[in-house]
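Residue numbers run from 1 in the order of the sequence given.
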Amino acid sequence: MNPKKHIRNRDVLSQDFAMVDGTHTVSEAIAVASHKQVKILVVNKRTKHDEYGLVLMSDIARKVLAQDKSPERTNVYEIMIKPVFSVSADMDVRYTARLFERFGINKAPVVEDGNIMGFVTYDDIVLKGMIDT
């Protein structure tokens, strides 16, 4: 009998994200995302007691484009999600999938020692964590 292998978030995470400041304009944030070829922007903490924020391209489409706001006059802090639901690097991906289902989300930052190591998504869990390749 094979012991069940525990796949952790650290085993499947991706590092396809970029950091921005909340004071950046949406236009500047889009430039960062485009340059780094990412679709997830993490908003830096302002102080050590602050929390990370998150801006997805879909947030920009819904909160700026669809509402006819200027990306040059809208700051990231106006549209970001904060605080962000995160998971630990050592959490088993089965529990991560259960949390995603329970809270209706499909991605979360993976945090270790208070720092974001990457992001885990349903796609990462399935493609990198369900079978040995």
Participant: Once you round to the nearest 0.5 Å, how far does CE of M19 lie from CG of N44?
Facilitator: 3.5 Å

Participant: Does K82 come within less than 4.0 Å of D50, counting only side-chain N to carboxylate O?
Facilitator: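 Judged by the 4.0 Å cut-off on N to carboxylate O distance, K82 and D50 do form a salt bridge.
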
Participant: Can you tell which of N9, V38, V42 makes a side-chain contact (heavy atoms from CB on, under 4.5 Å) with F119?
Facilitator: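 Among N9, V38, V42, the one meeting side-chain contact (heavy atoms from CB on, under 4.5 Å) with F119 is V42.
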
Participant: Decide side chain to side chain contact (heavy atoms under 4.5 Å, CB included) for V76 and D21; before the verdict, give the C-alpha distance in whole Å, the side-chain angles of both, and the deciding distance to 0.1 Å.
Facilitator: CA-CA 7 Å; V76 167; D21 286 333; over 6 Å; no

Participant: Nearest 0.5 angstrom please: R98 CZ to F103 CZ, how far?
Facilitator: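 It is 14.0 Å, given to the nearest 0.5 Å.
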
Participant: Measuring from atom NZ of K107 to atom CD1 of I105, what distance do you get when rounded to the nearest 0.5 angstrom?
Facilitator: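 Between K107 NZ and I105 CD1, I get 9.5 Å after rounding to 0.5 Å.
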
Participant: Would you find a donor on one side and an acceptor on the other, under 3.5 Å apart, between the side chain of K69 and the backbone of V64?
Facilitator: no

Participant: Might you work through the side chain to side chain contact (heavy atoms under 4.5 Å, CB included) test for L54 and F17, ending with a clear yes or no?
Facilitator: CA-CA 10 Å; L54 182 68; F17 70 97; over 6 Å; no

Participant: Quick one, V55 and V43 - any side-chain contact, counting heavy atoms below 4.5 Å?
Facilitator: yes

Participant: Does atom CD of Q37 have more than 12 heavy-atom neighbours from other groups under 6.0 Å away?
Facilitator: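 Open: at most 12 neighbouring heavy atoms sit under 6.0 Å from CD of Q37.
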
Participant: May I ask whether I116 and L13 are part of the same hydrophobic cluster, defined by side-chain heavy atoms of I, L, V, M, F, W, Y residues being less than 4.5 angstrom apart, directly or through others?
Facilitator: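 I116 does not cluster with L13.
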
Participant: Would you call K39-D16 a salt bridge at under 4.0 Å N-O?
Facilitator: no

Participant: Using a 4.5 Å cut-off on heavy atoms from C-beta on, say whether the side chain of M91 contacts that of R10.
Facilitator: no

Participant: Quick check: do Y52 and M80 have side-chain heavy atoms less than 4.5 Å from each other?
Facilitator: no

Participant: Looking at every non-hydrogen atom in both residues, tell me the closest pair between I125 and A97 and how far apart they are.
Facilitator: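 Distance-wise, the nearest heavy atoms are CD1-N, 4.1 Å.
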
Participant: So if you build clusters from Ile, Leu, Val, Met, Phe, Trp, Tyr with side-chain heavy-atom gaps below 4.5 Å, do I81 and I79 land together?
Facilitator: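 No, separate clusters.
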
Participant: Treating Ile, Leu, Val, Met, Phe, Trp and Tyr as nodes and any side-chain heavy-atom pair under 4.5 angstrom as an edge, say whether V87 and V84 lie in one connected cluster.
Facilitator: no

Participant: Does atom CZ of F85 have more than 12 heavy-atom neighbours from other groups under 6.0 Å away?
Facilitator: yes

Participant: Under 3.5 Å, is there a donor-acceptor pair between the side chain of E112 and the main chain of S88?
Facilitator: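 Pair absent, no side-chain N/O of E112 close to backbone of S88.
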
Participant: Any donor-acceptor pair under 3.5 Å linking the side chain of D92 with the backbone of R94?
Facilitator: yes

Participant: Might you work through the side chain to side chain contact (heavy atoms under 4.5 Å, CB included) test for Y122 and E101, ending with a clear yes or no?
Facilitator: CA-CA 10 Å; Y122 272 134; E101 176 64 21; 3.8 Å; yes

Participant: Do you know which two heavy atoms are closest between V111 and S86, and how far apart they sit?
Facilitator: CG2-CB, 3.6 Å

Participant: Go through I40 and M57 one step at a time and tell me if the side chain to side chain contact (heavy atoms under 4.5 Å, CB included) criterion holds.
Facilitator: CA-CA 7 Å; I40 301 172; M57 297 306 110; over 6 Å; no

Participant: Over all heavy atoms of both residues, which pair between E72 and S27 is shortest? Give the atoms and the distance, please.
Facilitator: OE2-OG, 3.7 Å

Participant: Whether the N75 and T25 side chains hold a donor-acceptor pair (N or O, under 3.5 Å, no angle test) is what I'd like checked.
Facilitator: no

Participant: Assess the side chains of T121 and D124: does a donor N or O sit below 3.5 Å from an acceptor N or O?
Facilitator: yes

Participant: Around atom CZ of R62, are there more than 12 heavy atoms of other residues, nucleotides or ligands at under 6.0 Å?
Facilitator: yes

Participant: State yes or no: do V32 and V26 share one hydrophobic cluster built from I, L, V, M, F, W and Y residues joined by side-chain heavy-atom distances below 4.5 Å, directly or via other members?
Facilitator: yes

Participant: Could you pull out the closest heavy-atom pair between M117 and A89, with the gap in Å?
Facilitator: SD-CB, 3.7 Å

Participant: With the 4.5 Å side-chain cut-off for hydrophobic clustering, are I30 and L41 part of the same group?
Facilitator: yes

